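To start, the structure under review is shown below, and the notes come after it.
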Amino acid sequence: MERAGKLITFEGPDGSGKSTQVQLTARALQEGGYSVLVTREPGGTRLSEAIRGLLLDPCYQEMSPVTEALLYAGARAQLISEVILPALAEGKIVLCDRFVDSSFAYQGYGRGLSLDLLHLINQFALTKLGNFYTILLDLPPKEGLDRSKEEILRDRLEQESLEFHQRVRDGYHALARSSPGRIKVIDASLEPEVVQKQILEYVSAYLLDQDQGYPF
Ligand code: TYD
C-alpha cells in the first residue's frame, strides 16, 4: 500500500529552536523509511525567497500590515503550488518551518488584522491543500529573542517590541485552543532532546492514525 503524502508544519516564536527540531524530525522520519521534504516560510522557492527578502529587510519600515499579509500569502501560494502539492502527490512527508498559523499569529494577533480577512487572503493560497498537522514550540518571547540574534542582526519582524511578540505568543495559544486536534503545543524551554522526543510522539501518533500501520 502506498503511503499518502502529509504536511506537518512547525510554529513558534523567533528563537524557539524550530529549525533544529525540523531537521531532527526529518532525520528520524527518514530513518523510519519515510520520504521527507523540508521547506520553510517565507521562502522555499526562488520567487518566495525573493519575497522573503522584501518582508524581512529592516529597510522597509513603511510596509503596511495589509501589504505584509498579502506578501506572506503570495510567498505561500507559490510554495504550495510549486513545492508542497507536488511533494504530497509523490507521497512525501513535507515538514514546513512556519506556515499559515504564523500569519494568524503575527499579522492577526501581532499587527491587529482581522482573522476573517487573513482567512480570506489565505484561502487563495491554500486552495487544493487538504488537512495538515502542526507542532507549536512554545516559549516566552523574551527568552526567544535573547536566544536569537544580536539586536543589530535582527530582521524587520524580530525588531518589533516585546509587547508585539507577547501578542504573537498569546495568539498562538488562542489558535491552539481553537484547534486542539491539529495544533500540539510543546514547551520549547525544555532540553532539545526532550522536545524532540515529544515531537516524535505526536508526529508518529498522527502518521499512524493516518496510515493505519506504518510506525517509525
Ligand atoms: P525567520 O528567519 O524564518 O524566523 P524564524 O527563524 O524565527 O522562523 O523569519 C520569518 C519571520 O517572518 C518571523 O519573524 C515570523 C514572520 N512571519 C510572519 O510574520 N507571518 C508569516 O505568515 C510567516 C510565515 C512568518
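Numbering of ligands and ligand atoms starts at 1, following listing order. Just so it is clear, the structure is predicted and the values come from calculations on it, not from any experiment.
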Considering the heavy atoms of Q107, write down every atom of ligand 1 situated less than 4.0 Å from one of them.
18 (C), 19 (O), 20 (N), 21 (C), 22 (O)
Near L56, which atoms of ligand 1 are under 4.0 Å from a heavy atom of that residue?
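Near L56, the atoms of ligand 1 are 9 (O), 11 (C), 12 (O).
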Which part of [X] is near ligand 1, with near meaning a heavy atom under 4.0 Å away: side chain, backbone, both or neither?
| X | result |
| --- | --- |
| R76 | side chain |
| R40 | neither |
| L55 | neither |
| L157 | side chain |

Begin with the C-alpha distance, continue with both residues' side-chain angles, and end with the deciding distance and a verdict on salt bridge (Lys or Arg N to Asp or Glu O under 4.0 Å) for R182 and D101.
CA-CA 11 Å; R182 173 174 70 84; D101 294 299; 2.8 Å; yes
List for me each residue that meets ring-ring contact (aromatic ring centres under 6.0 Å, His included) alongside H119, sequence neighbours excluded, and say none if there are none.
F104
K18: heavy atom below 4.0 Å from ligand 1, yes or no?
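Yes; K18 lies near enough to ligand 1 that a heavy-atom distance drops under 4.0 Å.
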Looking only at heavy atoms of R52, does any of them come nearer than 4.0 Å to an atom of ligand 1?
yes
Using a strict 4.0 Å threshold on nitrogen-to-oxygen distance, state whether K197 and E201 make a salt bridge.
yes
Are R156 and D57 within salt-bridge range, i.e. N to O under 4.0 Å?
no
For a 4.5 angstrom cut-off between non-hydrogen side-chain atoms, does L137 reach Q21?
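Yes. Closest side-chain heavy atoms under 4.5 Å.
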Do T67 and Y60 get their side chains close enough for a donor-acceptor pair, meaning under 3.5 Å?
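Looking only at side-chain atoms, Y60 and T67 do not form any donor-acceptor pair under 3.5 Å.
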Under 3.5 Å, is there a donor-acceptor pair linking the side chains of Q166 and D170?
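Yes, because at least one side-chain N or O of Q166 sits under 3.5 Å from a partner of the opposite role on D170.
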Taking distance alone, with no angle check, do Y72 and ligand 1 share an N/O pair under 3.5 Å?
yes
